[in-house]
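Order of listing sets the numbers, starting from 1, for every ligand and every atom in it.
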Amino acid sequence: MNQKTKYWHVDNTVDDWLAYPQAQQAVKEAAELLQRNELVAFPTETVYGLGGNGLVDKTVEKIYIAKGRPSDNPLILHIAEEEQLEQLAEEVPPLARALMEAFWPGPLTLVLPKKAGVAQRASAGLDTIAVRMPDHPLALALIRAAGLPIAAPSANLSGRPSPTTGRHVQEDLEGRIAGILDGGPTGIGVESTVVDVTGEVPLILRPGGITAEQIADITGEVAVDPGLTVEGAAPRSPGMKYRHYAPEGEMWLVTGANVEAMAEMIRRHADEARREGKKVGILATRESASFYNKNDIVLACGERASLISVAQHLYDVLRRFDEEKVDLIFAETFLENGVGAAVMNRLNKAAGGKRL
Ligand code: AMP
Ligand code: MG
């Protein structure tokens, strides 16, 4: 594929993004491309999305091809107004309404009964459809201007970490898509929480930016798909069975009672690997980076005291280990409360479940 990829850079140092003619022009051009069934990457509050007209199967097919994504893995449709749901969902159960009220726009994807005949390719032939309203001014303006539900998986090549900057998107998709709308680094850094609301109790299919605790506050009850945690159980969400991201280097998660214990274990393994001539990467945090040997590639992934900052930096750090071509990665682990559940879910997948 060798398409010319248009690049718009929209400054994100002001509150009112769309006050600038340059931003308005970028959104207008990007929306026109979407209406012409071309693919455009755009920022959301979670990660960058690779957008295409969700109603046209041929366009959605192009998304799968550009990413190299397995075709049985359905996409999320992004909307800017609740009314757009009428086109897509057969019904919106009260449970879904309550969650929309509380968290939209925001990092919560709802799996709803699908209206027959629409978005066949986006839903990968399932009779449910995943929908969310992103909380990012550029994303909302773009979807509104296009006037379409936009299918948008993360804008990375399948198997690479999700992109959290315009440069990440460029690295993976330059030449493969029509445009990249760069609005600076994304805020949350891990994908949305996917919740099935077709039953009595909301069922988390993928942990993400909205936590189980936040959902339970609204609905009283919440369940987590056993396929996410129980060995051998099949995940309900087609995407969760894939490895998601496998670093070039072999990755190990290191557990311990506290950060000092983890660091001691990591130092021991890193010393041994270095003696064998291996290039070692260490996923540390601001608090712990100084505990490690300077000869290793030590990257601080935010601050342990703020799981939100760990989530924000996670994918950038994983990409940097690949750039450094490390042979081995030892990663500190985090508490699974709040957004820590999403962080640990992604780290576990990247490590293929390997722990020390
Ligand atoms: P991504 O687009 O890369 O953020 O991934 C979307 C996630 O939502 C994947 O894990 C999909 O398998 C999941 N998903 C999308 N549609 C459905 C659906 N109808 N039922 C269950 N999971 C879904
Ligand atoms: Mg993805």
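- By the 4.5 Å heavy-atom criterion applied to side chains, L283 and F321 are counted as neighbours.
- Qualifying salt bridge (Lys or Arg N to Asp or Glu O under 4.0 Å) partners for D72, counting only residues two or more places apart in sequence or in other chains: K241.
- Atoms of ligand 1 lying under 4.0 Å from any heavy atom of L126, numbered from 1 in the order shown and given with element: 18 (C), 19 (N), 20 (N).
- Less than 4.0 angstrom separates some heavy atom of R206 from each of these atoms of ligand 1: 1 (P), 4 (O), 5 (O), 6 (C), 7 (C).
- Taking the charged nitrogens against the carboxylate oxygens, K279 and E324 do have a contact shorter than 4.0 Å, which makes a salt bridge.
- The pair E272-R268 does not meet the salt-bridge criterion, since no charged nitrogen lies less than 4.0 angstrom from a carboxylate oxygen.
- Atoms of ligand 1 found under 4.0 Å from any heavy atom of A130, numbered from 1 in the order shown, are 15 (C), 16 (N), 17 (C).
- Assignment of S154 to the shell around ligand 1 is supported, since a heavy atom sits closer than 4.0 Å.
- H269 and F330 have tilted rings, their planes meeting at an angle from 30° to 60° on a 0 to 90° scale.
- Taking the side chain as every heavy atom from C-beta outward, V195 and L205 never approach each other to under 4.5 Å.
- Annotation for ligand 1: atoms under 4.0 Å from non-hydrogen atoms of R69 are 1 (P), 2 (O), 3 (O), 5 (O), 6 (C).
- Remark: ligand 1 atoms within the under-4.0 Å shell around heavy atoms of L205 are 21 (C), 22 (N).
- Under 4.0 Å from ligand 1, heavy atoms of T128 appear from its side chain as well as its backbone.
- When only interatomic distances are considered, the shortest N/O to N/O separation between K67 and ligand 1 does not fall below 3.5 Å.
- At a threshold of 4.5 Å between non-hydrogen side-chain atoms, the residues L77 and L88 count as touching.
- Residue K114 places no heavy atom under 4.0 Å from ligand 1.
- Protein-derived N/O/S atoms nearer than 2.8 Å to the Mg ion (ligand 2) total 1, waters excluded.
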